There are 2 protein chains.
Amino acid sequence: MYEELKYWYLRDHKLFRTLSFSQIKQLCIITGFKKASKGEIIYFSSSDVPRIFLLKKGNIKIVALDSNGNETIKDIIQKGDLFGELTLETDNKNEEYAKVLSDDVAICSFLMSDFEDLLLRNPTLALSYTKFVGLKMKRIKNNYANLISKDAKTRLYQFLKDWAEQEGVREENSVAIENYLTQNDIAQIICTSRQTATQLLNEMETNQLLNYNRKEIIIRDITKL
Amino acid sequence: MYEELKYWYLRDHKLFRTLSFSQIKQLCIITGFKKASKGEIIYFSSSDVPRIFLLKKGNIKIVALDSNGNETIKDIIQKGDLFGELTLETDNKNEEYAKVLSDDVAICSFLMSDFEDLLLRNPTLALSYTKFVGLKMKRIKNNYANLISKDAKTRLYQFLKDWAEQEGVREENSVAIENYLTQNDIAQIICTSRQTATQLLNEMETNQLLNYNRKEIIIRDITKL
DNA sequence: GGCTAAGTGTAAATTAGCCGACATTTTGCT
DNA sequence: AGCAAAATGTCGGCTAATTTACACTTAGCC
């Protein structure tokens, strides 16, 4: 790939806007770029050198295996999001991997050590990054707070609202979301059983709150959720 | 208070070890120091200038009020912890405050803007701080994961283990913890009802797993939890 | 010392939602 | 087209834990 293209892939993330071409290039920050398609699994395992990833296109889910071998969805990563060890701490024993949800994805990655060097030389970037991580923390906290204190229905409503806000195409009060999740995925995200999720979604459909199918979700009136 | 004392209060936090006396002083980073006693409420509200706090002594809980006016415990802060808007983002509409749990506490605070300046001039500190926030995030994530996937009993056991590890005084396999929490506090932390918490604690007592009273908790054999 | 409020103990009724056990539908593959 | 696998739909039993309700105990205060 042309260096310039690599550059732009990073450059259009708001974190990196303050950096010049030479800074990115000079620091050899782009060391990887890959494409993957639906269902593929991407390991960022401990065996490899620690990396930070940037999702340029598509959607993936971060999945962890618990001691019983059950999949748990840790996070849904969307276009423009950074993922991997954002804490800059190498974690030895985590059984996490990423699974591609959308038809195809494009992922940039760079070495954590390179990134650390860059942060050390660019205080402004370091500050931005700190705020970025902080923001992510806040989002996670809020999500979890919802999971714990609200019932399954409220959680589903909240999730749909968030999803609509992030990715939905609004027209008047109705919002269309490209649905790359299965009902099982949704259930896992809102921490409930698949059956309950199905039931709630169908209930919403009969109540004219939304139209659901495997390709698309249309929320009739987002203000009523 | 003598400048030197203020200096030491900050200096002995591991984050600030790399800074020189003049750096801390010069940047006027210490702008507040206060003591408070049990039950007192400390607001870090939106009206005031945004600050970051450092707990030098004692224990506090961070409490949020939900829409129904219910208290929810967001976090327990222990000696040496930073708290407040660690994300460096001013949050306009959060109804959080801190409540003193131990007999008395000592709190340092400094302006967020000053801290940001310091981070800009000290990339190493910025990096440490990012890792620090990241670590906190990881801890929170783990906690929440427990809250969601485990039952009340397991959550209580895990909480006690964590608490013991952080603050307990170990003697052979038994651990003594100074108990500054009510059963209601514990219940809120592990997200269950007060009654359930009471029941579980009593059950543990009859099973000889621990001795509980309002001043102290003694875990008979930490390896058996 | 006595009163009040906070904290603790206990029990029964109720319930959300998990789980198992299917049937049905859709999708992807050769 | 035809098959297998994945995804969705539906049901009732089951259980952990919340809720309600009230008695008892301890701590703090005048």
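Keep in mind that this is a model prediction, so the values were computed, not measured. Proteins get letters first, then strands, A, B, ... in listed order; numbering begins at 1 in each.
- Between B:Asn213 atom CG and C:dT8 atom P the separation is 10 Å, expressed in whole Å.
- Atom CD1 of A:Ile190 is separated from atom C1' of C:dG17 by 11 Å (rounded to the nearest Å).
- In terms of heavy atoms, A:Ala164 sits closest to A:Val175 at CB-CG1, 3.8 Å.
- No donor-acceptor pair closer than 3.5 Å links the side chain of B:Asp81 to the backbone N or O of B:Leu55.
- Between the side chain of B:Arg194 and the backbone N or O of B:Thr196 there is no donor-acceptor pair closer than 3.5 Å.
- Residue A:Thr192 has a polar side-chain atom (N or O) positioned under 4.0 Å from OP1 or OP2 of C:dC18.
- Within the nucleic acid shown, A:Thr182 comes within 4.0 Å of sugar-phosphate atoms alone, with no base atom in reach, counting heavy atoms only.
- Note: CG (B:Leu200) to P (C:dT8) measures 15 Å, nearest angstrom.
- Remark: the backbone N or O of A:Cys191 is paired with a side-chain donor or acceptor of A:Arg155 at under 3.5 angstrom.
- Of all nucleotides in DNA chain D, those with any atom nearer than 4.0 Å to a heavy atom of chain B start and finish, going 5' to 3', at D:dA17 to D:dA27.
- A search for side-chain hydrogen bond (donor to acceptor under 3.5 Å, both in side chains) contacts involving A:Gln158 returns A:Asp162, not counting sequence neighbours.
- Taking for each of A:Lys150 and B:Thr198 the nucleotide of DNA chain C with the nearest heavy atom, the 5'-most of the two is the partner of B:Thr198.
- The line from OG of B:Ser193 to CG of B:Asn184 is 9.5 Å long, rounded to the nearest 0.5 Å.
- Nucleotide C:dT10 holds its C1' atom 12 Å from the CD atom of B:Gln183, rounded to whole Å.
- Remark: B:Asn202 is not in phosphate contact with C:dT8, judged by side-chain N or O atoms under 4.0 Å from OP1 or OP2.
- B:Thr192 places no side-chain N or O within 3.5 Å of a backbone atom of B:Ala197 that could act as its donor or acceptor partner.
- Taking atom CG of residue B:Asp151 and atom C1' of nucleotide C:dC19, one finds them 16 Å apart after rounding to whole Å.
- A search for ring pair (Phe, Tyr, Trp, His ring centres under 6.0 Å) contacts involving A:Tyr129 returns A:Phe115, not counting sequence neighbours.
- For the pair B:Lys136/B:Asp75, a side-chain contact is recorded, criterion being any heavy-atom separation below 4.5 Å from C-beta on.
- By the ring pair (Phe, Tyr, Trp, His ring centres under 6.0 Å) test, B:Phe159 pairs with B:Trp163, sequence neighbours left out.
- In the helix from C:dG1-D:dC30 to C:dT30-D:dA1, the rotation axis of the first five pairs and that of the last five pairs differ in direction by 50°, rounded to 10 degrees.
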Set out, line by line, the N/O atom pairs under 3.5 Å between protein and nucleotides 20-30 of chain C.
| residue | atom | partner | partner atom | Å |
| --- | --- | --- | --- | --- |
| C:dG20 | N7 | A:Gln195 | NE2 | 3.4 |
| C:dG20 | O6 | A:Gln195 | NE2 | 3.1 |

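- Exactly one residue among B:Lys35, B:Lys57, B:Lys38 makes a salt bridge (Lys or Arg N to Asp or Glu O under 4.0 Å) with B:Asp104. That residue is B:Lys57.
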